[in-house]
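Below is one structure, written out as structure tokens; the observations come after it.
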Amino acid sequence: MHERKAAVDAVVIGAGIAGLMAAARIGGHGRSVLVLDKSRGVGGRMATRRIGGAVCDHGAQFFTQRTLGFRDVIEHAVRDGTVAEWCRGFSRDGSIAADGPAVGDGHPRYRGARGMTDLPKWLAATLATGGNEVEVRTAAKATSVAVEADCVRVTIEGQDGAAEVVEAAGCVLTAPVPQALDLLAAGGSLERFEAHAIARLRTVDYDPCFAVMLVLDRPSLLPEPGAIQFGGDAPGPVAWVADNQRKGISAVPALTVHATGSFSREHFDVPPDEVAGMLIDAVRPWIDGDPRTAIVERSIHRWKFATPTTILPDPLVAVSEAPPVVCCGDAFAGPRVEGAAVSGAAAGSWLADRLAGGGR
Ligand SMILES: Cc1cc2nc3c(=O)[nH]c(=O)nc-3n(C[C@H](O)[C@H](O)[C@H](O)COP(=O)(O)OP(=O)(O)OC[C@H]3O[C@@H](n4cnc5c(N)ncnc54)[C@H](O)[C@@H]3O)c2cc1C
């Protein structure tokens with residue numbers, strides 16, 4: 001096995017919303033950035049999948065934009081036709097008829113125009129414009145992050161079996177926290193990091209989530225606006241059910257069903273087909289007719305790190321000041337897409353500041 005070497009100002013691990021926001025901040029300061037993601041595409045948990053003739057969002061379903069910096073990004077994306085408002089709230093128990101009035105608290109929920117990956121794809125495309133030196137590389141898995149005296153060495157698993165080592169002046173880790181800690185441990189220098197920071201990161205845990213996608217041969221019976229948000233702590237197995245056609249992203253009716261955190265934990269090792277059956281039974285009232293004929297295709301996905309059960313109080317945790325290494329994402333200061341975006345932007349600004357010679 002041979003090793004190739006490259007050098008950049010910053011490596012960002014993860015091309016989800018946090019990583020892309022971080023890269024935008026660092027690149028905006030004239031720094032070269034390499035964004036790595038182990039998946040084939042960008043977006044992380046903002047994920048959209050084609051199943052037959054249907055399009056289904058199977059991770060995050062919608063997002064908010066209450067924070068100033070993120071609001072600017074979303075307003076721009078709306079003007080570009082990348083993002084659209086879906087609705088202003090959801091039924092909590094399905095008690096509203098399919099043709100009844102929309103429910104809500106009046107504040108907007110957004111979706112990608114053709115699916116939730118639209119926003120990260122648009123962000124990734126805009127990163128490389130305006131003379132910024134930002135490269136987004138997918139199908140590139142980081143296997144370790146090692147901190148040397150004057151640089152960070154990130155090892156990437158090459159597709160051809162050759163490992164590549166990228167030397168960077170700083171690094172942002174946006175992978176779910178247990179995976180970020182594994183990368184730091186694989187670098188062999190956990191003990192060199194700020195012990196208090198590592199201890200805080202070790203408190204972060206996530207709920208898993210089963211997502212079942214069901215393509216239907218007829219319209220669903222879901223109430224306006226085409227989804228019910230039972231919530232993560234709902235008494236039944238289902239936290240969320242949505243019709244992707246009513247949402248405006250699928251040509252044909254297709255449900256996305258999310259299990260609650262407790263159900264997903266409890267059934268984590270149960271065969272996926274069995275879990276899908278239980279979730280189909282639970283959403284039976286919103287399927288018109290016999291599910292055995294109405295469901296024409298189905299698919300199940302198990303998210304291991306779906307939503308953090310612990311949220312740390314700060315938008316980032318710096319594990320090393322020199323060279324600068326920082327963790328961020330949806331477990332920092334605010335959860336969900338918006339929280340991850342705000343955390344990523346904060347981590348990007350922090351790193352850009354350190355690279356410019358700023359410090360505490
Ligand atoms: C089922 C489900 C439903 C949800 N519903 C909503 C919702 O309706 N609204 C909402 O706002 N939020 C929702 N969320 C949460 C939301 O999706 C996340 O909070 C947000 O997308 C997190 O973004 P992130 O960038 O922090 O992490 P991620 O999106 O997870 O990005 C991290 C990236 O790091 C990459 N990565 C990990 N390890 C490595 C490695 N070793 N090398 C290279 N790359 C690596 C991953 O591939 C991933 O792309 C939901 C999440 C799930 C799973």
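Excluded from the calculations below are hydrogen atoms, water molecules and symmetry mates; all remaining heavy atoms, backbone and side chain alike, are included. Whatever order the structure lists ligands and atoms in, that order sets their numbers, starting from 1.
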Set of residues satisfying side-chain contact (heavy atoms from CB on, under 4.5 Å) with respect to P108, sequence neighbours excluded | E85, R88, Y110
Residues at least two apart in sequence or cross-chain that pass ring pair (Phe, Tyr, Trp, His ring centres under 6.0 Å) with H76, listed by chain then number, are W122
Compile the protein residues with any heavy atom at a distance under 4.0 Å from an atom of ligand 1; present them by chain, then by number.
-> I13, G14, G16, I17, A18, L36, D37, K38, S39, G43, G44, R45, M46, H58, G59, A60, Q61, F62, A140, K141, A142, T174, A175, Q179, L183, C209, H258, W303, A306, G329, D330, R336, V337, A340
Row check, F63 ring normal vs R111 NZ/CZ: under 6.0 Å, within 45° | no
Considering only NZ, NE, NH1 and NH2 on the basic side and carboxylate oxygens on the acidic side, decide whether R192 and E148 come within less than 4.0 Å.
-> no
Please, which pairs that meet ring pair (Phe, Tyr, Trp, His ring centres under 6.0 Å) have at least one residue in residues 173-219, sequence neighbours excluded?
-> Y206-F305
Is R218 atom CZ crowded by more than 12 heavy atoms from other residues, nucleotides or ligands, each under 6.0 Å away?
-> yes
